[in-house]
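Read the numbers this way: they start at 1 and go in the same order the structure lists the ligands and their atoms.
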Amino acid sequence: MVSEFDLITRYFMRTGRSGARTALGIGDDCALLAPAPGMHMAISCDMLVEGRHFYPDANPEWLGHKALAVNLSDLGAMGARPVAFTLALALPDASDAWLAPFAKGLFRLADAHGCELIGGDTTRGPRNICVTVFGEVRAQHALRRDAAQLEDDIWVSGTLGDARLALAAYQQMLVLSPEAMQEVALRLHAPTPRPELGVALGGLAHAAIDVSDGLVGDLGHILKRSGVGAILHAERLPVGPILAQQPRQLQLQYALAGGDDYELCFTAPAAARPAILEAGTKTATPVIRIGRIVGKPGVQVLDAAGMPLALDLASFDHFLSA
Ligand code: ADP
Ligand code: MG
């Protein structure tokens, strides 16, 4: 096995790069970041554990992507611009067949977002990938969960439910064509984080969260922290293109409670509608208005006729008002 130092040098140390905020990168006892004046530093950490979040034979390039993507998604949900990240890795061995594609997937996404690897830790052990991201957000523009207000619109980016559909196919609950499977598998394994949109929403949106566990559950965190409720319109939910070919009940279930979407759900005053559509266009991210914030606690989902939908979804019963 190569030494820890060789491994870091070979796969993770890249010379000639440093972000605008990096005073010192990999190689010393600490990295040094120089935050811009007036900005808050947004920090988040997410871990992927073999056997829990991925299988031993999982594609390492996708894993590299996903380990960073789920963290960039959190920055987006806070309205923060990615600055840098650290990588703590436990690996059973120093296999080039795993490390090379892992680093490729990781750095492709990092470079796309101008997010620099500034340090980490490497140790032998059961495979475990822990990324911590650092971003910056203008002090008044942080999109906190407790900031939703009565009468706010509720918006969501991209499409929902395709990742959950992939999972259902893996679990052999349904069968998809090979082409459909390929597409939804990408949504599950290589999600697209939305930090640019999150930053563009600064000063427009009130509250935001990224949809990692399912729309209703994640929106529920905003509602609880803000002391409000929500009405959602079922026909406005942006169902993923492959999922749209499934029975309607399944579409609703996966769009409302699927998980692993890594889209942004956010609330904003009606006056901000044109600016939010503009932010979506500017960042090449589809956004759609799916409901509004109300005083009555819980989530009510209405059908096209405005009638409450009867949904037998045990996973989010808790959030539905009776
Ligand atoms: P220390 O003993 O001070 O923790 P290490 O030998 O663990 O230092 O790490 C040496 C340098 O390499 C540090 O700058 C550390 O941040 C960096 N580093 C270690 N592992 C990784 C990794 N997986 N990815 C990026 N940088 C790493
Ligand atoms: Mg160390």
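- Set against the non-hydrogen atoms of Asp121, the atoms of ligand 1 under 4.0 Å away are 7 (O), 19 (C), 20 (N), 21 (C), 23 (N).
- Considering every non-hydrogen atom in both Ala234 and Leu252, the closest pair reads CB-CD2, 3.9 Å.
- No side-chain heavy atom of Met13 sits less than 4.5 Å from a side-chain heavy atom of Phe5.
- Listed by number with element, the atoms of ligand 1 under 4.0 Å from a non-hydrogen atom of Leu117 are 24 (N), 25 (C).
- Of all the heavy atoms of Ile8, the ones lying under 4.0 Å from any atom of ligand 1 belong exclusively to the side chain.
- At distances below 3.5 Å, at least one donor-acceptor pair connects side-chain atoms of Arg236 with backbone N or O atoms of Arg289.
- Residue-to-ligand polar distances keep Phe12 apart from ligand 1: every N/O pair is separated by 3.5 Å or more.
- For the salt bridge (Lys or Arg N to Asp or Glu O under 4.0 Å) test, residues two or more places apart in sequence or in another chain that qualify with Arg108 are Glu61.
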Practice problem: Give the intermediate values and the outcome of ring-ring contact (aromatic ring centres under 6.0 Å, His included) for residues His189 and Tyr170. | Solution: CA-CA 12 Å; His189 298 304; Tyr170 282 125; 5.7 Å; yes
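- Atoms of ligand 1 found under 4.0 Å from any heavy atom of Ile26 (numbered from 1 in listed order, with element): 12 (O), 14 (O), 17 (C), 25 (C), 26 (N).
- Within the 4.0 Å heavy-atom shell around ligand 1 one finds Glu4.
- Of the inter-residue distances, the one linking Ile26 atom CD1 with Glu116 atom CD reads 8.0 Å to the nearest 0.5 angstrom.
- Screening Ile290, Asp261, Val287 for a side-chain contact (heavy atoms from CB on, under 4.5 Å) involving Pro238 leaves a single residue, Ile290.
- Every atom of ligand 1 is numbered from 1 in the order shown, and the set under 4.0 Å from a heavy atom of Asp28 is 13 (C), 14 (O).
- Within the 4.0 Å heavy-atom criterion, neither part of Ile118 lies near ligand 1.
- In this comparison of Leu87, Asp29, Thr122, the heavy atom closest to atom 3 (O) of ligand 1 sits on Asp29.
- Backbone and side-chain nitrogen or oxygen atoms of Gly27 are examined, and one is located within less than 3.5 angstrom of a nitrogen or oxygen of ligand 1.
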